[in-house]
Amino acid sequence: MSDLLANLNPEQLAAVTLPPQHALILAGAGSGKTRVLTTRIAWLISTGQVGPHGILAVTFTNKAAKEMLARLTAMLPINTRGMWIGTFHGLCNRLLRAHHREAGLPSLFQILDSSDQLSAIKRLIKNLNVDDVKYPPRELASFINAHKEQGIRAAQAEAYDEYTSRRVALYAEYDAQCQREGVVDFAELLLRSYELLTRNEPLCRHYQQRFRHILVDEFQDTNRLQYAWLKLLAGHGERQRRSAAGPSQGGTSQRMERSEPLSPPSAGRGPGGSAVTFVAGPPQDRTARGEAASATSPEAQNPVSSSRSDDEIAPPRGEGIGGGACLFAVGDDDQSIYAFRGAEVGNMRDLEREFDVANVIRLEQNYRSHGNILDAANALIKNNRGRLGKNLWTEAGAGEAIRVFEASSDLDEARLIVDEVRELARDGFARTQIALLYRSNAQSRVLEHQLFSANVPYRVYGGLRFFDRQEIKHALAYLRLIGNSDDDTAFSRVVNFPTRGIGNRSLEALQEAAHRANSSLYNAAASLGGKAGSSVGSFIRLIETLRSETAGLPLPEVIDHLIEKSGLRQHYLTEKEGRERLENLDELINAATNFLQEESDSADEDASPLASFLAHASLEAGEHQAGEGQEAVQLMTVHAAKGLEFDAVFISGLEQGLFPHENAAQERDGLEEERRLMYVALTRARKRLYLSHAQTRMLHGQTRYCLPSLFLEELPEELLLKVNRAPAYAASVPSRSSSAAPARVSEQTSANGLRIGQNVEHAKFGLGVIVSAEGRGSDARVQVNFGAQGMKWLALEYAKLTPV
DNA sequence: TAATAGTGTGTTTTT
DNA sequence: CACACTATTA
């Protein structure tokens, strides 16, 4: 066991061996966070403080969960199967599968991914004859999700105006539709399991007693609901005091007043109440029988796992906290980059306060980057207010300077980068160790083009994932329909794919009928299209036949069969781009085979393989990416790079309006989130870091003139090496990329020395670039991009613009 | 009903 | 510049 703890630095050791108490570990980038987390688990188990079944470990990504599991098996001679280690969504899914009845869900409930959810909403809007211009489906989706992530049901949602009250009504309708169809979206997975636990006290107590130690990774990314879920399981949900103000720390005041508490949606019961109530919300199955049965052993129905021995909860020793689990949260507020998705960095401060965390342990020694890189990152992030505070350091030397270059255009930037990449490769850098990072996906295009023409192998992350491909979704929709014919999302997806003569007209009739009969599309179709010979009727018969023919077959064969009989194979056989799609369909069959194999030895739920495979498909859209490249340069957004590291990193497009992104200026604390994003980007690099920006960039088919990013100025000059090769390139690129815009540049040069592309200064708006101009003489107006201040039209006669 | 030409709209997105 | 979605034809 002692070798478990070998090679930990003092802070890591302190964190790993912390006595049973709540803890917050502030783990900087590259400080060995995952190691601490897994070693902590291993240490707790190997010292007999807790059995494997007393552990609940939560991550955000499947990758992180798998990593944790892998490291754990390497450290301990135990069977990790059946341990509760997984993502929030995965664990909630598991909980709901085990107690679907109590949660009011069918045993084969399906999970809607984001695009499924969107189409469900579109369908709803059409059904209810709602104006989709006034209520855009996308916007409605985020409205609903935001509420669910705050733990707010439609019944409790605040409707401060006509518009919002309509949206709340639609929220309610949407939930009803999901309930009818037996499907849950991602947020619902969490909210539903939270409600299950708050409403079913015996069940909740069972889990509270089972889990002695709860460990959370990337805690800064938790949203309100996830935090509430953790608190509940830690047995800390009821006695939180949300009293007034509290110790007023600078910068946190706004979030303390978030008043609406996350309480179960039962009327007239404060957070202190304990009566088991079933009110509001989606229909609940309230059989006392179900409760009692599950309370004794929630997974008792599971005949698979033979050894129940270590399920016996070890008697809590030296338990400092009455009845609850110890919450061990690891996070880094400086790497919180998902606020736009509902993550609440403030949860860290709340945790510290609400769980009376005695001492926050800081892991600041970085094992990844050279000193200069860390210095730059530290300097940058100092500009954010309200941090928990942390300074990364390393024993490695300062290393090389950070290279900065300015290109004349995005094309030039790409060229410079690719040239440098090739040089790095010549110098012995592995291509997989070179990453090209950018703020938005659109930027990858130019880079890809350059890499391609230079014959440099590359791999782009974040393209569409395996289970997101249309052919896969189609096949899965058939599978879903076999499992649950109420699934209207699946029904609409494949009712006319491959085309079988069921167009808009018959579909609308179907929807009308289903709406009237309050039944699923499938049932409406079955009764309506009963007349043999109709195309709708034959679709129903197709599904029925599929269902009966595949009954009892192993999953891969079911899929194979359905691909054949549905006509999918035939369809893609004739389509010219269909070859790859056919390969993917075959790959789906393989995936099912592999899934069964992996699942068979992971004593999991007793759920049908069909249900768990479908859940797997939605929850693990799959690292299953094309071109699992060997020796390829890595391209990805900064978001996607979080958690990764590379020997050499290029951060491109460091321009005002792009990074920081202009839309971020509108959002509350938007600039600070952008800065954290930049911080994440910087700290990905081990040895060499390149920062680049371009003077002009093609955006939406138009040339834009750009100022260097504010973030470049925030880096200490002495760490930077400006490699400005832009002029040479500008000269070598004559007019070919430029027919319209630059021609006008000279044309429009005016007497006061202002021209397009000119940097100017304005008394109020600060530094900007002239983007375009119109009018002459006293009418002359110029459009200036002031970066974060936005784009402005200014009359030359009045606005004082000084050329810079 | 289905394929085609037109229009409008563009961050980031672990699940 | 590209893509998704709409309105239009055959």
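Labels below follow one simple rule: chain letters A, B, ... track the order of the sequence lines, proteins then strands, and each chain is numbered from 1.
Within the nucleic acid shown, A:Q443 has no heavy atom closer than 4.0 Å to any nucleic acid atom. Among the heavy atoms of the strands, none lies under 4.0 Å from A:E673. Counting non-hydrogen atoms under 4.0 angstrom, A:S114 reaches a base of the nucleic acid. Using a 4.0 Å heavy-atom distance criterion, A:A664 is classed as a base contact. Residue A:F88 is out of contact with every strand shown, counting any heavy-atom pair closer than 4.0 Å.
With centroids closer than 5.5 Å and planes inclined by less than 30 degrees as the test, A:F340 and the base of B:dT12 pass as a stacked pair. The stacking criteria are not both satisfied for A:H89 over the base of B:dT15, which would need a centre-to-centre distance under 5.5 angstrom and an angle between ring planes under 30 degrees.
Look at CD on A:E662: it is 9 Å from C1' on B:dT11, rounded to the nearest Å. As rounded to whole Å, 18 Å separates atom P of B:dT13 from atom CD of A:Q117. The distance between atom CG of A:N663 and atom P of B:dT12, rounded to the nearest whole Å, is 10 Å. Remark: C1' of B:dT13 and CG of A:N223 are 13 Å apart, rounded to the nearest angstrom. Spacing between atom CD of A:E149 and atom C1' of B:dT13 amounts to 11 Å, rounded to whole angstrom units. Protein atom CG of A:D113 is 11 Å distant from nucleotide atom P of B:dT14, rounded to whole Å. When the C1' atom of B:dT12 is taken as reference, atom CZ of A:R676 falls 13 Å away, rounded to whole Å. Regarding A:H639, its NE2 atom lies at a distance of 9 Å from the P atom of B:dT12, rounded to whole Å.
Both A:R439 and A:S618 lie close to DNA chain B; mapped to their nearest nucleotides by heavy-atom distance, the more 5′-ward contact belongs to A:R439.
With sequence neighbours excluded, the residues forming a salt bridge (charged side-chain N to carboxylate O under 4.0 Å, His left out) with A:D334 are A:R387, A:K390, listed by chain and number. Remark: A:D132 pairs with no residue by the salt bridge (charged side-chain N to carboxylate O under 4.0 Å, His left out) rule, at least two apart or across chains. Applying the side chain to side chain donor-acceptor pair (under 3.5 Å) criterion to A:R493, with sequence neighbours excluded, gives no partner residue.
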Dot-bracket for DNA chain B: what is it, with Watson-Crick or G-U pairs under 3.5 Å, [ ] where a pair crosses earlier ones, and | for a pair to another strand?
||||||||||.....
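Looking at A:R341, its side chain comes within 3.5 Å of the base of B:dT15 through a donor and an acceptor atom.
Within the 6.0 Å centre-distance limit, the rings of A:H639 and A:F340 are counted as a close aromatic pair.
Between the side chain of A:Q656 and the main chain of A:L710, a donor-acceptor pair closer than 3.5 Å is present. Between the side chain of A:Q570 and the main chain of A:G567, no donor-acceptor pair closer than 3.5 Å is present. A:T499 places no side-chain N or O within 3.5 Å of a backbone atom of A:N496 that could act as its donor or acceptor partner.
Under 4.0 angstrom from either OP1 or OP2 of B:dT15 there lies at least one side-chain N or O belonging to A:R465. Look at A:T59 and you won't find any side-chain N or O under 4.0 angstrom from OP1 or OP2 of B:dT14. The phosphate of B:dT13 has OP1 or OP2 within less than 4.0 Å of a side-chain N or O from A:N441.
Counting only heavy atoms from C-beta outward, the side chains of A:R341 and A:E149 never approach each other to under 4.5 Å.
Comparing the same atom, P, in B:dT12 and in C:dC5 gives a spacing of 16 Å after rounding to whole Å.
The pair A:R368-A:E645 meets the salt-bridge criterion, with a side-chain N (NZ, NE, NH1 or NH2) lying under 4.0 Å from an Asp/Glu carboxylate O. Under a 4.0 Å N-O distance rule, the pair A:E655/A:R697 qualifies as a salt bridge. A:R153 has a carboxylate O that lies under 4.0 Å from a charged side-chain N of A:E195, or vice versa, which qualifies the two as a salt bridge.
With a 6.0 Å cutoff to the six-membered ring centre and a 45° limit on the axis angle, A:R459 counts as a cation-pi contact of A:Y461. At least one test fails for A:R138 against the ring of A:F143: distance under 6.0 Å to the centre or angle within 45° of the axis.
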Every protein N/O within reach of nucleotides 2-9 of chain B N/O, cut-off under 3.5 Å:
| from | atom 1 | to | atom 2 | distance (Å) |
| --- | --- | --- | --- | --- |
| B:dA2 | OP2 | A:N496 | ND2 | 3.2 |

Per-nt protein contacts along nucleotides 1-10 of chain C (heavy atom under 4.0 Å; B base, S backbone sugar-phosphate only, - none) come out as BSS-S-----
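Distance from the side chain of A:T61 is smallest to B:dT14 among B:dT13, B:dT14, B:dT11.
Base orientation of B:dT11: syn (glycosidic angle within 90° of 0).
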